[in-house]
Amino acid sequence: MKRYPIKGADVLLFYGNEMIAGQRNTTVTITADSIDTSSKDNSGWKTALAGLREWSATLDAIELAGNEGKQQTLLMKAVMNGEPISIKIVVPGKFVMSGYAAITNKDTSGDYTDVSLGSYELKGADAPDIYYVPFIDKMTAVGSTITLKLTETTAEVVTGKTLKDCITVTDGTNPVTISTATLTTGSISITASNALTATTKYKATINGGTLKNGDAVQAYDIWDEAVATAS
């Protein structure tokens, strides 16, 4: 099975809608307080609930002058003025998280053997908005209709894409001709030109770059399989 590892270089932090130039390392952390629910009747095991949550981010970037250093300068101004900033963190093919954050620390290094580096620590100032990339949750095949239930109910087709042309269906060896493909709330309905063969396993694949959910775009192929049943 083909794997799609995410390159660290593609995980990016944006200030507003502009990427901060010179990025080397970007980290986002989500934590929750632990509420102890242990009691004597837990068979000797501690139990817990997740309490209040918080998020934070760190950024290491090469200090840049000129026009490329604009976003870094704006970050520095925000530090000095104590202003929260709007940021967006993109993990391609998985999720996009955005929200307001306070810059709680800014370091500038000047090692004579290296370029100058700027380090930023940010703490979430409110609940973030998170958009997850759509995946296929379940596939069913009945008669000549294949239904793909998606994990995100607000999924849309990327502008300029034709859904029918971005989906392939096979019986393991031979392609199936698709007449129509329609996206409704959290579900894709595919109609084959001929009735599917009962008890045969079919595989449906949605090409990368086809679906989006908010700012999160399906960067890679997603697929599922199902055994057809007679209608």
Side-chain angles (χ1 to χ4, degrees), residues 1-12 28 30 32 43 45 47-50 53 55 88-99 127-231:
M1 182 174 64
K2 188 172 182 179
R3 302 181 69 188
Y4 300 100
I6 297 170
K7 293 186 292 185
D10 292 336
V11 177
L12 297 170
V28 59
I30 302 172
S43 302
W45 289 93
T47 59
L49 290 174
R53 291 156 292 169
W55 65 276
K88 179 169 65 177
I89 298 167
V90 177
V91 181
K94 296 201 75 172
F95 67 86
V96 174
M97 190 175 87
S98 60
D129 293 320
I130 302 182
Y131 293 101
Y132 301 97
V133 167
F135 291 92
I136 301 172
D137 187 40
K138 184 179 180 181
M139 172 178 168
T140 57
V142 180
S144 60
T145 301
I146 295 171
T147 302
L148 306 178
K149 182 182 177 184
L150 303 177
T151 55
E152 306 302 322
T153 59
T154 56
E156 300 176 298
V157 179
V158 171
T159 303
K161 298 281 186 177
T162 302
L163 185 59
K164 173 177 171 289
D165 296 333
C166 295
I167 296 176
T168 57
V169 178
T170 67
D171 62 4
T173 304
N174 303 305
V176 173
T177 302
I178 298 173
S179 297
T180 61
T182 307
L183 173 63
T184 55
T185 303
S187 183
I188 293 175
S189 179
I190 303 167
T191 303
S193 59
N194 297 302
L196 303 173
T197 304
T199 72
T200 297
K201 180 182 286 187
Y202 290 87
K203 179 180 180 179
T205 302
I206 304 175
N207 297 340
T210 301
L211 300 176
K212 66 176 182 177
N213 177 40
D215 292 331
V217 178
Q218 170 219 337
Y220 308 103
D221 292 353
I222 56 175
W223 63 85
D224 202 359
E225 296 177 323
V227 175
T229 59
S231 58

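Computed from heavy atoms alone, side chains included, the values below leave out hydrogens, waters and symmetry copies. Count residues from 1 along the sequence.
The two atoms that bring Ser187 and Thr147 nearest to each other are OG-CG2, 3.4 Å, heavy atoms only. Shortest non-hydrogen contact noted between Val133 and Thr151 is O-OG1, 4.1 Å. In terms of heavy atoms, Ala198 sits closest to Ala230 at CB-N, 3.9 Å. Listed here is the closest heavy atom pair of Ala204 and Leu148: CB-CD2, 4.0 Å. Pairing each heavy atom of Lys164 with each of Ile178, the nearest pair is CE-O, 3.0 Å. Closest approach of Ala141 to Ala226, counting heavy atoms only: N-CB, 4.4 Å.
Although no hydrogens or angles enter the test, the distance criterion places a donor-acceptor pair under 3.5 Å between the side chain of Gln218 and the main chain of Tyr220.
For the pair Ile188 and Ile206, the minimum side-chain heavy-atom distance is below 4.5 Å. Leu211 is listed as a side-chain neighbour of Leu150, based on a closest heavy-atom distance under 4.5 Å.
How far CG of Asp224 is from CG of Asp137: 8.5 Å, rounded to the nearest 0.5 Å. Within the model, atoms CG of Asp129 and CZ of Phe95 stand 13.5 Å from one another, a figure rounded to the nearest 0.5 Å. Here Trp55 contributes atom CH2 and Ile130 contributes atom CD1; the two are 9.5 Å apart, rounded to the nearest 0.5 Å.
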### Message
For Val227 and Thr229: C-alpha separation, side-chain torsions, deciding distance, then whether side chain to side chain contact (heavy atoms under 4.5 Å, CB included) applies.
### Response
CA-CA 7 Å; Val227 175; Thr229 59; 5.6 Å; no
### Message
Would Ser189 and Thr184 count as a side chain to side chain contact (heavy atoms under 4.5 Å, CB included) here? Give the steps.
### Response
CA-CA 8 Å; Ser189 179; Thr184 55; over 6 Å; no
### Task
Go through the steps for Ile146 and Val176 under the test side chain to side chain contact (heavy atoms under 4.5 Å, CB included), then give the verdict.
CA-CA 11 Å; Ile146 295 171; Val176 173; 5.8 Å; no
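Within 6.0 Å of OH in Tyr131 there are 12 or fewer heavy atoms belonging to other residues, nucleotides or ligands.
Under the rule for a ring-ring contact (aromatic ring centres under 6.0 Å, His included), Tyr132 has no partner lying at least two apart in sequence or in another chain.
Residue pairs satisfying the side chain to side chain donor-acceptor pair (under 3.5 Å) criterion with at least one member in residues 190-214, sequence neighbours excluded, are listed as follows: Thr154-Asn213, Thr180-Thr191.
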